[in-house]
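Let me begin by presenting the structure, written as structure tokens, before commenting on it.
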Amino acid sequence: MLEGAPCTFANVFARPRPPTRSQPRPFMNIFGLFERRVADAVQRLVEAGRVPAGIDVSRVLVEPPRDASHGDLATNAAMAIAKAARLNPRELAALIAADLETDPRIASVSVAGPGFINIALHPAVLHEVVRVALADPESYGRSGQGAGRSVNVEYVSANPTGPMHVGHGRGAVFGDALASLLAFAGFAVTREYYVNDAGAQVDVLARSAYLRYREALGEKIGAIPEGLYPGDYLKPVGATLADLHGRALLDKPEGEWLPTVRAAAIADMMTLIREDLAALDIRHDVFFSERSLAGGATDEIAATIAELRGRDLVYEGRLPPPKGQLPEDWEDREQTLFRATQFGDDVDRPLLKSDGSYTYFAADIAYHRSKFVRGFGRMIDVWGADHGGYVKRMTAAVTAVTAGQAELDVKLCQLVRLLRRGEPVKMSKRSGDFVTLREVVDEVGRDSARFMLLYRKNDATLDFDLAKVVEQSKDNPVFYVQYAHARIASVFRQAGRVVDPADADLSCLADETEIELQRRIAQFPRLVEAAAAAHEPHRVAFYLYELAGVFHALWNKGKDLPQLRFVKQDDEASTRARLALLGALKGVLAAGLGILGVSAPEEMR
RNA sequence: GGCUGCGUAGCUCAAUGGAUAGAGCGUUGCGCUUCGAACGCAAAGGUUGGGGGUUCGAGUCCCUCCGCGGUCGCCA
């Protein structure tokens with residue numbers, strides 16, 4: 001990095017990942033398949049003149065029934081369209097049910113409650129799903145949902161001013177899992193990190209590093225002054241500067257040494273952060289420098305503001321002071337404002353500070369414009385909940401700067417409370433006053449850290465208990481899910497063979513828990529689509545936990561009932577069928593864990 | 001005060017507008033003399049913070065109130 005170079009941290013664009021397999025396999029999602037089948041049934045009723053034409057079936061759903069005794073599928077079709085069809089729901093349900101009953105894949109249909117249609121599938125349907133899952137575990141559950149469309153997921157984007165803490169870790173793991181989930185659902189995903197290498201904070205970083213530089217040259221620096229970063233992690237930066245520059249930077253005015261020191265410190269901090277991320281197996285495709293926006297060949301921020309001004313979305317004006325307590329240094333002045341209120345924000349937002357430099361927001365607009373220019377019609381930002389007040393203006397800005405052609409979804413991650421055996425952890429270590437992410441990952445391991453940070457909805461606060469997440473017991477969901485995978489691996493080791501799906505007669509699988517396991521496997525593609533559509537990777541974690549629970553229940557049954565054991569010397573047909581089921585299950589567990597970025601071990605150690 | 005998220009079993013939390021609101025922990029009872037117990041089975045436990053509205057149907061959507069957190073021009 002050259003001294004005085006406008007860009008202290010170059011934009012890095014990694015080479016694109018191999019295209020995601022997104023071959024649509026309509027059969028893989030039986031819920032989608034039968035949703036279309038129900039719509040067909042309605043269409044036939046239209047053709048038969050039983051219901052009026054032009055009925056909207058978009059609210060018709062086929063889902064797993066709440067109670068397994070109701071069968072394999074349930075649909076709300078009759079209730080959803082009863083009004084438009086001018087029939088009462090039960091009557092309409094009977095008509096639809098009569099049509100469905102003619103389907104060879106359906107064993108029986110019944111109407112229940114206010115008009116639910118419950119469907120029991122012919123067992124062969126679930127058997128086919130298991131075969132598909134077993135035959136190609138790499139692609140089972142993937143879908144054409146994304147249809148190869150580009151999505152940009154921006155996450156972490158922590159300021160390059162020090163090591164990351166656990167809160168950053170949550171956003172990091174969430175964003176990473178969400179990106180994997182979307183890729184699995186057929187989107188072309190780019191993982192991006194916005195490097196805040198401009199602004200006052202990195203100048204503070206530079207001054208802090210400069211102090212360490214003087215220290216490295218033997219000066220007594222005493223206590224770190226208020227307002228500078230005190231952490232020891234800047235000592236190596238100072239030492240490197242001393243090695244590189246000797247005493248050359250010592251007796252110069254700040255204006256001369258600051259760019260050099262700043263660039264070096266930012267580079268070192270980004271290396272530190274990337275190492276912390278690598279410890280969680282997180283790797284971004286793009287690191288985008290904030291400084292590059294204004295400091296490149298063209299000033300992208302100025303260009304963005306000019307463009308908005310041309311459309312009368314930027315003006316000079318005054319803002320009302322904030323309601324409630326007036327800030328002490330409030331000064332009523334005319335400033336350059338973006339008409340955020342035209343796009344749903346509460347007030348218009350300033351683009352220039354009183355010293356004439358750009359606000360963070362101005363740069364952020366240009367940054368999101370850059371995403372659009374680079375081809376992203378879908379953007380997801382993952383932020384800490386403390387930035388919640390920023391959401392409206394950013395979505396407003398994206399709408400404005402893309403003329404409504406792009407959508408932005410901001411996912412806020414709530415606080416993480418770090419505990420040890422239920423007691424809050426508040427230690428003060430080398431990095432200042434917080435526990436670093438790295439310390440946590442080193443203590444509990446990557447898999448536990450990732451799973452537990454995902455085992456909660458993003459907008460709910462999360463308790464992270466250092467003692468609990470390493471426990472090898474049923475209480476620990478990470479262990480519980482991984483252990484299911486390892487147990488299956490152990491069965492295959494004992495059986496000493498793999499199973500050819502074509503080779504197994506799955507009608508041997510007659511136990512209720514064996515059938516339930518097939519149903520759950522069949523729900524995986526639907527779960528992936530729903531989780532991807534909602535941008536909620538935690539659903540995958542909860543699904544896996546329940547799936548593992550059903551498997552462990554089956555295992556435990558085999559303890560009391562030897563005829564349910566997976567490998568039976570005297571019953572080749574059952575053994576093959578069960579190994580096929582387990583093979584499919586193992587694939588789903590591995591795929592789900594893969595989405596979460598958690599390993600699927602062959603044995604527990 | 002404005003905006004925003006949350007409020008569900010004793011605790012920690014699930015539940016694309018669907019049926020009798022589910023798990024785990026904890027509690028209680030029963031089982032297991034480990035070769036498939038790094039436990040199993042079962043039970044009890046709820047006015048989904050209060051109130052109103054939309055809907056065939058609301059924990060979920062709308063309004064309002066209460067409580068907790070976050071945030072509130074010139075930080076990022």
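Predicted model, so just to flag it, every value in this text is computed and none were measured. These numbers come from the heavy atoms of this one structure, side chains and all, not from hydrogens, waters or symmetry mates. Lettering of chains follows the sequences in order, A, B, ..., and the numbering in each one begins at 1.
Mapping His552(A) and Pro65(A) onto RNA chain B by nearest heavy atom places Pro65(A) at the nucleotide closer to the 5' end. Along RNA chain B, the nucleotide closest to Asn196(A) and the one closest to Asp346(A) are compared, and the more 5′ of them pairs with Asp346(A).
Across G73(B), G57(B), U12(B), the shortest atom-to-atom separation from the side chain of Arg456(A) is found for U12(B). Considering only side-chain atoms of Ala460(A), the nucleotide from A14(B), A76(B), G40(B) that sits closest is A14(B). Listed nucleotides: G73(B), A23(B), C56(B). Nearest to the side chain of Tyr545(A): A23(B). Comparing C6(B), G36(B), C75(B) by their closest approach to the side chain of Gln201(A) singles out C75(B). With distances taken from any side-chain atom of Arg59(A) to the nucleotides A38(B), G57(B), G73(B), the minimum falls on G57(B).
Taking atom P in both C11(B) and U48(B), one finds a spacing of 16 Å when rounded to whole Å. Between U47(B) and G59(B), the distance separating the two P atoms is 13 Å to the nearest Å. Of the P atoms belonging to C72(B) and G10(B), the separation is 37 Å, rounded to the nearest Å. Nucleotides U20(B) and A58(B) place their P atoms 11 Å apart, quoted to the nearest Å. Atom C1' of U60(B) sits at a distance of 16 Å from the matching atom of G49(B), rounded to the whole Å. With both ends at atom P, the span from G5(B) to U64(B) equals 14 Å, rounded to whole Å. Straight-line distance between the P atoms of A21(B) and G46(B): roughly 12 Å, to the nearest whole Å. With P as the reference atom, U4(B) and C56(B) are 29 Å apart, rounded to whole Å.
As a whole-Å value, the separation of Leu462(A) CG from G5(B) C1' is 15 Å. Taking atom OH on Tyr480(A) and atom C1' on C13(B), their separation rounds to 16 Å, with Å as the unit. Here A14(B) presents its P atom at 13 Å from CD of Glu546(A), a figure rounded to the nearest Å. For the pair Tyr483(A) OH and G40(B) C1', the computed distance is 13 Å after rounding to whole Å. Distance, Ile117(A) CD1 to A19(B) P: 16 Å, rounded to whole Å. In this structure, the CD atom of Glu603(A) is 14 Å from the C1' atom of A38(B), given to the nearest Å. Between the CG atom of Leu527(A) and the P atom of A14(B) there is a distance of 15 Å, rounded to whole Å. Put simply, OH on Tyr358(A) is 18 Å from C1' on A76(B), counting in whole angstrom units.
Counting only heavy atoms from C-beta outward, the side chains of Arg493(A) and Glu603(A) approach each other to under 4.5 Å. Counting heavy atoms from C-beta on, the side chains of Tyr455(A) and His538(A) never come closer than 4.5 Å. Leu178(A) is listed as a side-chain neighbour of Leu182(A), based on a closest heavy-atom distance under 4.5 Å. Residues Asn458(A) and Gln414(A) have side chains not in contact (no heavy-atom distance under 4.5 Å, counting atoms from C-beta outward). Looking at Leu412(A) and Asp459(A), their side chains never come closer than 4.5 Å, going by heavy atoms from C-beta outward.
Side-chain N/O atoms of Lys457(A) include none lying less than 4.0 angstrom from OP1 or OP2 on C6(B). Contact between the side-chain N/O atoms of Lys392(A) and the OP1/OP2 oxygens of U4(B) is found at a separation under 4.0 Å. For the pair Lys353(A) and A76(B), the criterion of a side-chain N or O lying under 4.0 Å from OP1 or OP2 is met.
Qualifying side-chain hydrogen bond (donor to acceptor under 3.5 Å, both in side chains) partners for Thr513(A), counting only residues two or more places apart in sequence or in other chains: Asp511(A), Lys557(A). Ala548(A) pairs by the side chain to side chain contact (heavy atoms under 4.5 Å, CB included) definition with Tyr480(A), Val481(A), Ala484(A), His552(A), not counting sequence neighbours. Among residues two or more places apart in sequence or in another chain, the side-chain hydrogen bond (donor to acceptor under 3.5 Å, both in side chains) test is passed with Glu514(A) by Arg578(A).
Although no hydrogens or angles enter the test, the distance criterion places a donor-acceptor pair under 3.5 Å between the side chain of Asp348(A) and the main chain of Ala340(A). Looking only at distances, a side-chain donor or acceptor of Thr359(A) sits under 3.5 Å from a matching main-chain atom of Pro350(A). In terms of modelled atom types and a separation under 3.5 Å, the side chain of Ser599(A) and the main chain of Pro601(A) share no donor-acceptor contact. The backbone N or O of Val60(A) lies less than 3.5 Å from no partner atom in the side chain of Asn76(A), so there is not a single donor-acceptor pair. Checking side-chain atoms of Thr336(A) against main-chain N and O of Glu316(A) turns up no donor-acceptor pair under 3.5 Å.
Using a 4.0 Å heavy-atom cutoff across all strands shown, Ala530(A) reaches no nucleic acid atom at all. Residue-level contact check: Ala533(A) touches neither bases nor backbone, having no heavy atom under 4.0 Å from any strand. Among the protein residues, Pro350(A) comes within range of the sugar-phosphate backbone only, with heavy atoms under 4.0 Å from sugar or phosphate atoms but none that close to a base. Within the 4.0 angstrom heavy-atom criterion, base atoms lie near Gln335(A). If you check every strand for non-hydrogen atoms under 4.0 Å, Asn476(A) touches nothing.
With values rounded to the nearest 0.5 angstrom, Gln145(A) atom CD is found 11.5 Å from Phe184(A) atom CZ.
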Please produce a list of atom pairs where a protein N or O lies less than 3.5 Å from an N or O of nucleotides 68-71 of chain B.
{"unit_1": "G70(B)", "atom_1": "O2'", "unit_2": "Ala385(A)", "atom_2": "O", "d": "3.3"}

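The stretch residues 535-544 of chain A touches RNA chain B through His538(A), Arg539(A), Phe542(A), each having a heavy atom within less than 4.0 Å of the strand.
Where stacking is scored as ring centres under 5.5 Å apart with planes under 30°, Phe116(A) does not register as stacked on the base of G18(B).
Between Glu471(A) and Lys468(A) there is no salt bridge, since no side-chain N of the basic residue sits under 4.0 Å from a carboxylate O of the acidic one.
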Note to self: Reading 5' to 3' and counting Watson-Crick or G-U wobble pairs with both distances under 3.5 Å, write the dot-bracket notation for RNA chain B, | for bases paired outside the strand.
What the structure shows: (((((((..((((....[...)))).(((((.......))))).....(((((..]....))))))))))))....
